[in-house]
> 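Before anything else, here's the structure in question.
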Number of protein chains: 2
Amino acid sequence: MKYPTRLSDAVHILAFIALYPDCDLTSNKLAESVQTNPAYVRQLMSALRKGGLLVSVKGHPRPALAREPEKITLLDAYRAVEGNKPLLHQDIHTNPACGVGVNIQLVLRDFYLDIQKTAEHKMQEITLKDVLEQYHIKLEGIHT
Amino acid sequence: MKYPTRLSDAVHILAFIALYPDCDLTSNKLAESVQTNPAYVRQLMSALRKGGLLVSVKGHPRPALAREPEKITLLDAYRAVEGNKPLLHQDIHTNPACGVGVNIQLVLRDFYLDIQKTAEHKMQEITLKDVLEQYHIKLEGIHT
DNA sequence: TTTGATGTTATTTTTATTATAACAACATAT
DNA sequence: ATATGTTGTTATAATAAAAATAACATCAAA
């Protein structure tokens with residue numbers, strides 16, 4: 001595969017937009033910071049828009065947050081770009097004729113849901129505001 | 001397919017071994033239940049052995065748990081087969097010349113570690129004993 | 001009207017994961 | 001001792017998810 005970095009890139013984009021609210025932010029400029037191509041950035045922004053986190057209009061390089069940073073959580077961003085993809089994956093190709101394997105996978109399903117819920121709860125507690133705050137603290141630390 | 005299922009398969013194998021403690025369990029039989037090939041099973045078992053969860057000897061098809069099921073957690077199994085691989089992945093290819101991006105990724109790192117810790121704590125609370133207990137409960141539900 | 005950007009779709013490339021093959025080393029039974 | 005079967009390990013191939021890229025119609029603004 002290739003490890004998914006959509007959430008990281010999405011937060012990167014959201015933070016960048018929050019930091020430069022009144023500037024022309026083309027997908028090209030954002031792509032430079034993420035070091036990727038503009039089309040990928042636009043794809044992520046499309047997902048964020050559909051997720052209700054971002055507003056933007058075709059042809060106009062002025063994306064803006066759809067709501068305040070304190071009301072945008074990491075879980076919101078995750079849902080927008082990853083949907084309901086779980087963090088841990090079951091093996092859905094085990095032998096259906098083997099009752100043992102089938103039932104073990106059924107049990108694992110419940111435990112994975114539990115873990116997922118726990119992680120998502122944490123992700124829901126972290127907002128874009130938190131990210132921006134820590135960002136500024138990091139910046140101050142550098143300039144002193 | 002191609003999402004990682006090593007943890008799922010590892011637990012599958014561990015549970016199977018726990019359920020049939022005094023039987024010949026060849027990698028072939030286990031592979032039938034997981035519906036994969038014996039070599040992959042042996043690779044997972046090798047990781048579990050190195051992780052101290054399993055004991056087995058070359059040429060002898062009698063794998064056994066290295067310790068009681070209540071002392072084997074999902075986190076133990078995860079560490080054995082996934083090492084320190086995180087659940088969420090940072091984008092480590094952002095533009096190093098862009099201070100904004102660099103610092104956002106640094107901040108994300110801390111938050112991801114927080115989420116990771118939370119998930120791992122939950123994984124540590126779930127033992128193979130729990131899996132086996134739920135397995136038996138599921139079985140009873142079927143036979144009544 | 002021209003320029004430049006977006007939003008979207010389709011295709012290619014990359015790479016982590018699983019599948020598979022091959023074989024030396026070991027256990028067991030005869 | 002030998003034959004048989006299994007493990008442990010390594011190397012390579014196949015698969016599939018993610019990111020990279022290309023292409024273009026559509027829209028905004030000067």
Side-chain angles (χ1 to χ4, degrees), chain A residues 1-10 12-13 17 23-51 54-64 78 80-95, chain B residues 1-10 12-13 17 23-32 34-51 53-64 78 80-95:
Chain A
M1 216 187 13
K2 210 172 203 191
Y3 292 126
T5 58
R6 281 190 286 264
L7 177 62
S8 295
D9 296 332
H12 190 140
I13 290 167
I17 291 171
C23 306
D24 274 9
L25 279 188
T26 63
S27 59
N28 216 332
K29 278 185 192 166
L30 289 168
E32 265 182 39
S33 177
V34 181
Q35 201 158 71
T36 182
N37 59 85
Y40 175 60
V41 168
R42 292 200 294 274
Q43 283 166 9
L44 288 176
M45 290 176 72
S46 179
L48 292 170
R49 187 159 16 83
K50 284 168 186 167
L54 205 73
V55 285
S56 61
V57 282
K58 186 185 285 190
H60 190 53
R62 289 268 176 148
Y78 184 84
V81 297
E82 298 285 9
N84 284 314
K85 200 185 82 174
L87 296 170
L88 293 172
H89 299 270
Q90 288 198 255
D91 188 343
I92 57 174
H93 289 93
T94 58
N95 191 342
Chain B
M1 200 149 72
K2 285 307 166 182
Y3 287 124
T5 57
R6 281 189 286 265
L7 177 61
S8 295
D9 294 333
H12 190 139
I13 291 167
I17 290 171
C23 307
D24 274 10
L25 280 187
T26 64
S27 57
N28 216 330
K29 278 186 193 168
L30 288 168
E32 265 183 40
V34 181
Q35 201 157 70
T36 181
N37 59 83
Y40 175 59
V41 169
R42 291 200 296 270
Q43 282 165 11
L44 289 176
M45 289 175 72
S46 179
L48 292 171
R49 187 159 15 86
K50 284 169 188 166
L53 308 183
L54 205 72
V55 286
S56 60
V57 282
K58 186 185 287 189
H60 190 53
R62 291 265 177 150
Y78 185 86
V81 297
E82 299 286 7
N84 284 315
K85 200 185 83 175
L87 296 170
L88 292 172
H89 298 271
Q90 289 200 254
D91 189 343
I92 57 174
H93 290 94
T94 57
N95 191 342

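All values derive from a computational prediction rather than experimental measurement. Lettering follows sequence order; numbering is per chain, from 1.
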> I need the A:Leu30 CG to A:Ile13 CD1 distance, nearest 0.5 Å.
6.0 Å
> Should the side chain of B:Lys2 and the base of C:dT17 be counted as holding a donor-acceptor pair, with the cut-off at 3.5 Å?
yes
> So which nucleotide from C:dA5, D:dG8, C:dT8 ends up closest to the side chain of A:Pro61?
C:dA5
> A side-chain contact here means heavy atoms from C-beta on lying under 4.5 Å apart; do A:His89 and B:Ser8 qualify?
no
> Determine whether any donor atom in the side chain of A:Gln43 lies under 3.5 Å from an acceptor atom in the base of D:dT21, or the reverse, and answer yes or no.
yes
> Closest approach to the side chain of B:Lys58, judged atom by atom: which nucleotide of D:dA18, C:dT17, C:dA25 is it?
C:dA25
> Mind calculating the distance between CG (B:Asp24) and P (C:dA27) to the nearest angstrom?
15 Å
> Look at the side chain of B:Pro4 and decide which nucleotide, out of D:dA20, C:dT17, D:dA18, has an atom nearest to it.
C:dT17
> Return the minimal non-hydrogen interatomic distance between A:Ser56 and A:Pro63, and the atom names on each side.
CB-CA, 4.1 Å
> Can you check whether B:Arg42 has a side-chain N or O nearer than 4.0 Å to OP1 or OP2 of C:dC23?
no
> Check every atom of D:dT7, D:dT26, C:dT17 against the side chain of B:Ser27 and return the nucleotide holding the closest atom.
D:dT7
> Take atom NE2 of A:His93 and atom C1' of C:dT18, then tell me their distance rounded to the nearest Å.
11 Å
> Mind calculating the distance between OH (A:Tyr3) and C1' (D:dA20) to the nearest angstrom?
20 Å
> Is any side-chain N or O of B:Thr26 closer than 4.0 Å to OP1 or OP2 of D:dT6?
no
> Find the distance B:Leu25:CG to D:dG8:P and express it as a whole number of Å.
13 Å
> Could you state the CD1-P distance from B:Ile17 to D:dT7, rounded to the nearest angstrom?
10 Å
> Does A:Thr5 put a side-chain nitrogen or oxygen below 4.0 Å from OP1 or OP2 of D:dA19?
yes
> Looking only at side-chain N and O atoms, does A:Ser56 come under 4.0 Å of OP1 or OP2 in C:dT6?
no
> Please work out if B:Lys29 contacts a base, only the sugar-phosphate, or nothing of the nucleic acid, heavy-atom cut-off 4.0 Å.
nothing
> Does C:dT18 have OP1 or OP2 sitting under 4.0 Å from an N or O in the side chain of B:Thr36?
no
> Which of the following nucleotides, D:dA28, D:dA18, D:dT6, is nearest to the side chain of A:Arg6?
D:dA18
> Does A:Thr36 reach the side chain of A:Asp9, with side-chain heavy atoms less than 4.5 Å apart?
no
> Are B:Lys85 and B:Tyr78 side-chain neighbours, meaning at least one heavy-atom pair lies under 4.5 Å?
yes
> I need the CD1-P distance between B:Ile92 and D:dA19, as an integer number of Å.
12 Å
> For C:dG4, does OP1 or OP2 lie under 4.0 Å from any side-chain N or O of A:Arg62?
no
> Hey, which of these two, B:Lys50 or A:Tyr40, hits DNA chain D nearer its 5' end, going by closest nucleotide?
B:Lys50
> From CG of A:Asn37 over to P of C:dT8, roughly how many Å is that when rounded to an integer?
17 Å
> Which is true for A:Leu44 with a 4.0 Å heavy-atom rule: it touches a base, it touches only sugar-phosphate, or it touches nothing?
nothing
> Which nucleotide wins on minimum distance to the side chain of B:His60, given the candidates C:dT17, C:dA27, D:dT9?
C:dA27
> Are the side chains of A:His12 and B:Asp91 in touch, meaning some heavy atoms are under 4.5 Å apart?
no
> Please report, rounded to the nearest Å, how far the P atom of D:dT4 is from the CG atom of B:Asn28.
18 Å
